[in-house]
Amino acid sequence: MQAIRIHAFSSSMDNLVIEEVPKPVPAPGEVLVKVLYAPVNPSDFNFIRGDYDSALSRVLWNRDRSPLAFDPAGLNPHPEPPYTIGGEGVGIVEAAGGGALANRLIGKHVAFASGPPRGSWAQYTSIDARKVFAVPDGIDTQQAAMYIFNPLSCYAMVLDVLGVQRGSWLLQSGAGSALGQMVVRLGRQRGFRTINIVRSEANIEKLRALGADVVINTSEQDLREEVFKATGGSGVDYAMDCVGGDLLTQMMQCMGLNGHMVVYGTLSGLSNTFFSRDLMMPCAKVSGFFAGNWLAQKSLWQKLSTVRALKKLHLAGVFRTDIDRVLPLQDVGEAIRLASTQGHQGKVLLACQESEVGP
Ligand SMILES: NC(=O)c1ccc[n+]([C@@H]2O[C@H](COP(=O)([O-])OP(=O)(O)OC[C@H]3O[C@@H](n4cnc5c(N)ncnc54)[C@H](OP(=O)(O)O)[C@@H]3O)[C@@H](O)[C@H]2O)c1
């Protein structure tokens with residue numbers, strides 16, 4: 001079978017190769033998934049460039065540890081190349097390695113979150129049956145390829161980490177992203193107001209149509225000035241940043257009393273400096289978020305109730321994701337180019353079976 005793999009990290013993305021590799025054999029408790037579609041997500045770039053690896057090498061729990069791990073207990077190691085790329089996808093369970101749960105899934109359409117070393121940018125993957133979700137009736141197959149990462153992160157950050165209250169103000173960067181649009185829809189549904197930061201005209205009308213209360217284009221407008229006007233000078237209650245760099249510093253200066261910001265992405269690739277008093281004066285706080293570590297700390301009951309809540313929000317259309325293009329696995333270079341183009345509208349999906357490539 002074919003898989004998109006890397007043998008070493010590279011910031012130019014020229015390290016991706018299409019390789020012929022053996023079809024995986026599912027172990028007990030695992031399922032073999034024939035992958036139909038897999039999205040190109042920013043987190044995939046982190047696995048290609050080695051960004052997670054370099055961040056994890058600075059985490060104290062990884063001192064003197066090899067391989068590096070995402071978690072202190074070392075239960076979730078960062079794989080070392082060579083590995084197959086792709087964090088999530090949708091497919092059909094073709095076989096099971098044994099076990100009641102795995103056997104029950106045979107023949108079903110499932111959404112799954114896998115990630116390297118056994119990524120989703122491949123014709124087949126094998127995965128722990130507990131990590132796949134039968135696609136609910138009413139969810140389109142291509143949408144199901146993006147069923148997990150962004151919806152789970154949106155839900156977790158807004159409702160759990162920040163606990164956003166009805167009537168409050170939430171400021172977010174990267175608002176034109178798939179996740180940013182989910183936050184706007186969730187705001188309409190839950191009754192909180194959103195101030196949305198974009199860097200170009202392309203996303204402004206789309207966000208307004210979704211129900212964004214305020215959209216600020218930081219290429220043309222002054223962020224602090226616009227947030228001052230929108231909030232009547234009080235600043236925002238909550239903020240979510242996935243860009244970093246100087247924008248994060250400016251967002252900190254928009255916080256209201258007891259404001260809470262969550263940082264969850266580094267799209268600019270820039271680190272930032274801030275003056276401690278920007279946090280001290282409003283008694284504000286900043287939290288970091290990484291979906292895998294958030295989920296790992298939840299009880300079984302909390303995980304099940306999260307799965308139920310996500311399904312409801314999916315069916316209500318809150319987590320819909322615009323799709324820009326569907327390209328065959330072999331066109332991965334073009335898929336990456338499109339997904340990295342400023343102002344592109346919607347996700348790029350890789351069609352992992354020839355039969356799934358549209359006209
Ligand atoms: N921490 C976690 O566990 C977790 C989980 C899920 C997602 N995330 C993060 O969430 C973010 C959004 O993911 P997504 O899948 O929704 O993204 P996406 O749909 O692929 O969209 C990417 C967006 O980022 C914007 N962008 C890219 N580079 C930028 C820069 N230098 N400055 C400002 N904006 C920039 C783009 O703006 P234009 O439209 O102007 O090009 C685009 O709107 C990513 O950072 C991702 O890694 C984190």
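For ligands, and for the atoms within them, numbers begin at 1 and follow the listed sequence. Any value given below was found using the heavy atoms of this structure, including those in side chains, with hydrogens, waters and symmetry copies removed.
- Protein heavy atom at the shortest distance from atom 47 (O) of ligand 1 is Pro42 CB, 3.6 Å.
- Counting only heavy atoms of the protein, atom 16 (O) of ligand 1 lies nearest to Leu179 N, 2.8 Å.
- By the 4.0 Å heavy-atom criterion, Gly343 is counted among the residues contacting ligand 1.
- Taking the centre of each ring, Tyr52 and Phe70 come in below the 6.0 Å mark.
- If you check each of Asn203, Asn41, Val198 against atom 39 (O) of ligand 1, the one with the closest non-hydrogen atom is Asn203.
- Follow the hydrophobic side-chain contacts under 4.5 Å out from Leu152 and you reach Val183 in the same cluster.
- Within a 6.0 Å sphere centred on NZ of Lys131, other residues, nucleotides and ligands contribute 12 heavy atoms or fewer.
- Of the protein's non-hydrogen atoms, Ser153 OG, 3.0 Å is the one closest to atom 5 (C) of ligand 1.
- Of all protein heavy atoms, the one closest to atom 36 (C) of ligand 1 is Arg199 NH2, 3.9 Å.
- Other residues, nucleotides and ligands contribute at most 12 non-hydrogen atoms within 6.0 Å of the CZ atom of Arg130.
- Within ligand 1, counting atoms from 1 as listed, the ones closer than 4.0 Å to a heavy atom of Gly265 are 45 (O).
- Applying the 4.0 Å criterion to heavy atoms of Phe290 picks out, from ligand 1, the atoms 1 (N), 3 (O).
- For Lys303, the NZ atom sits in a packed shell: over 12 heavy atoms of surrounding residues, nucleotides or ligands are nearer than 6.0 Å.
- The nearest heavy-atom contact from the protein to atom 24 (O) of ligand 1 is Leu267 CD1, 3.1 Å.
- Each of the atoms 2 (C), 3 (O) of ligand 1 lies under 4.0 Å from some heavy atom of Ala291.
- If you number the atoms of ligand 1 from 1 as listed, the ones under 4.0 Å from a heavy atom of Cys242 come out as 11 (C), 45 (O).
- Contacts with ligand 1 closer than 4.0 Å are made by side-chain heavy atoms of Val243 only, the backbone lying farther away.
- Under 4.0 angstrom from ligand 1, there are no non-hydrogen atoms of Trp294.
- For the pair Ile216/Val227, a side-chain contact is recorded, criterion being any heavy-atom separation below 4.5 Å from C-beta on.
- In terms of protein heavy-atom proximity, atom 19 (O) of ligand 1 is closest to Ala178 N, 2.9 Å.
- Near Lys347, meaning under 4.0 Å from one of its heavy atoms, ligand 1 places the atoms 14 (P), 15 (O), 17 (O), 18 (P), 19 (O), 20 (O).
- For the pair Gly174 and ligand 1, the shortest N or O to N or O distance does not fall below 3.5 Å.
- Contact of the Tyr124 side chain with the Lys34 side chain is registered, since non-hydrogen atoms from C-beta on lie closer than 4.5 Å.
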Worked check of side chain to side chain contact (heavy atoms under 4.5 Å, CB included) between Trp169 and Asp213: CA-CA 10 Å; Trp169 281 108; Asp213 295 278; 4.1 Å; yes
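- Environment of NZ in Lys206: crowded, with over 12 heavy atoms of neighbouring residues, nucleotides or ligands closer than 6.0 Å.
- Looking only at side-chain heavy atoms (C-beta outward), Ser43 and Phe149 come within less than 4.5 Å of each other.
- Residue Tyr264 has at least one nitrogen or oxygen atom sitting less than 3.5 Å from a nitrogen or oxygen atom of ligand 1, judged on distance alone.
- A donor-acceptor contact closer than 3.5 angstrom links the side chains of Asn196 and Gln172.
- No more than 12 heavy atoms of other residues, nucleotides or ligands shown are found within 6.0 angstrom of CZ on Arg325.
- The protein heavy-atom contact nearest to atom 7 (C) of ligand 1 is Asn150 OD1, 3.3 Å.
- The protein atom (non-hydrogen) at minimum distance from atom 22 (C) of ligand 1 is Ser177 CB, 3.8 Å.
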